[in-house]
Student: 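Sending over a structure as structure tokens; questions will come in a sec.
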Amino acid sequence: MVSSEYGRKIAARFATFDQDGNGYIDRADFSVAAKALLAEFGTPARSDKGQALYSGAEAFWQGMAGIADRDGDQRITRDEFVNGAVKRLHDSPGRFAEIARPFLHAALAVADRDGDGAATLEDTERVLKALGVPEDIASMAAATLDTDADGKVGETEIVDALARYFDVSDSDEGTATGSGSGSGSGSE
């Protein structure tokens, strides 16, 4: 049986993805996130990086819908998200991170201004803020994402952080990075 504390933590993650705050997650939320990120970095939507980001957002949406959209209406309610997450992610949060990988990879490419495969902490902070993370949390979260302390955030660090963020076992506080990564605010 799932504890109410675990359910509360997962429900807080719902807000991370409900970019427009309308009470459900849908494809548009992922498009909003991609558009905001492209605007932040001045990347044209029709560029290779822009197209990769929109494709990654669509793949992320499809993966999430496959996990949580129980009635097939192309909208994920808070209850569907909680129940989908509880049933499928509790034992394997890494699976969710892998669903997000195409979006995270493309987001990193947009933020990676020098082409070395990693984003600076400053640019990581910009990504987080563009995706709705409050400014006071974005800086701390960007630094936390830099697990090897090299001043940059790479794909492995981002994917691992997303897995930790969704690994909200009954005994933890569910604040692995202090904020969400991927999209949205992640505040509880």
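Residue indices begin at 1 and follow the sequence shown.
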Student: Please list all pairs passing the salt bridge (charged side-chain N to carboxylate O under 4.0 Å, His left out) test where one or both residues lie in residues 129-146, with sequence neighbours left out.
Tutor: Glu125-Lys129
Student: Write down the atom of Ala111, the atom of Val127, and the distance for their closest heavy-atom approach.
Tutor: CB-CG2, 3.6 Å
Student: How close do Phe81 and Ala68 get, heavy atom to heavy atom, and via which atoms?
Tutor: CA-CB, 4.1 Å
Student: How long is the straight-line distance from CD1 of Ile76 back to CG of Asn83, given to the nearest 0.5 Å?
Tutor: 12.0 Å
Student: Looking only at heavy atoms, which two atoms of Met64 and Ile99 are closest? And how far apart?
Tutor: N-CG2, 4.0 Å
Student: Please list, chain by chain and in numerical order, all residues satisfying side-chain contact (heavy atoms from CB on, under 4.5 Å) with Val32, sequence neighbours excluded.
Tutor: Gln19
Student: Can you tell me if Asp18 uses its side chain to pair, donor with acceptor, with the backbone of Gly23 under 3.5 Å?
Tutor: yes
Student: Quick check for you: to the nearest 0.5 Å, what is the distance between Asp71 atom CG and Asp79 atom CG?
Tutor: 10.0 Å
Student: How long is the span from the CZ atom in Arg13 to the CG atom in Leu162, to the nearest 0.5 Å?
Tutor: 10.0 Å
Student: Only counting residues at least two apart or in another chain, list the ones meeting side-chain contact (heavy atoms from CB on, under 4.5 Å) with Thr156.
Tutor: Asp160
Student: List for me each residue that meets side-chain contact (heavy atoms from CB on, under 4.5 Å) alongside Asp48, sequence neighbours excluded, and say none if there are none.
Tutor: none
Student: Considering non-hydrogen atoms only, spot the tightest contact between Thr144 and Thr147 and give its length.
Tutor: O-CG2, 3.8 Å
Student: Quick check: do Phe60 and Leu104 have side-chain heavy atoms less than 4.5 Å from each other?
Tutor: no
Student: Does any part of the side chain of Leu53, heavy atoms only, come nearer than 4.5 Å to the side chain of Phe103, both counted from C-beta?
Tutor: yes
Student: Under the side-chain contact (heavy atoms from CB on, under 4.5 Å) test, which residues partner Asp112, sequence neighbours left out?
Tutor: Asp114, Asp116
Student: Counting N and O atoms only, with roles assigned by atom type, does the side chain of Gln74 sit under 3.5 Å from a partner on the main chain of Arg27, one being a donor and the other an acceptor?
Tutor: no
Student: Got a second to check how far Thr43's OG1 is from Gln51's CD, nearest 0.5 Å?
Tutor: 12.0 Å
Student: Taking all heavy atoms of Asp69 and all of Arg75, pick out the closest pair and write down the distance.
Tutor: OD1-O, 3.1 Å
Student: I'd like to check the salt bridge (charged side-chain N to carboxylate O under 4.0 Å, His left out) partners of Glu155; sequence neighbours left out, ordered by chain and number.
Tutor: Arg101
Student: Answer with yes or no after comparing the ring centroid distance for Tyr24 and Phe17 against a 6.0 Å cut-off, counting only values under it.
Tutor: no
Student: Under the 3.5 angstrom rule, does the side chain of Glu40 hit a backbone N or O of Ala130 as a donor-acceptor pair?
Tutor: no
Student: Has the side chain of Arg113 got a donor or acceptor atom that lies under 3.5 Å from a matching backbone atom of Val110?
Tutor: no
Student: Rounded to the nearest 0.5 Å, how far does OG of Ser47 lie from CG of Leu38?
Tutor: 6.5 Å
Student: Given 3.5 Å as the limit, does a donor-acceptor pair link the side chain of Ser55 with the main chain of Ala52, or not?
Tutor: no
Student: Rounded to the nearest 0.5 Å, how far apart are CG of Leu145 and CD1 of Ile158?
Tutor: 6.5 Å
Student: Angle between ring planes, Trp61 versus Phe30, binned at 30° and 60°: parallel, tilted or perpendicular?
Tutor: tilted
Student: Under the 6.0 Å and 45° cation-pi test, does Arg126 pair with Phe41?
Tutor: yes
Student: Which heavy atom in Tyr54 sits nearest to a heavy atom in Ala45, and how many Å separate them?
Tutor: CE1-CB, 3.8 Å
Student: Would a distance-only check, ignoring hydrogens and angles, find a side-chain to backbone donor-acceptor pair under 3.5 Å from Thr124 to Thr120?
Tutor: yes
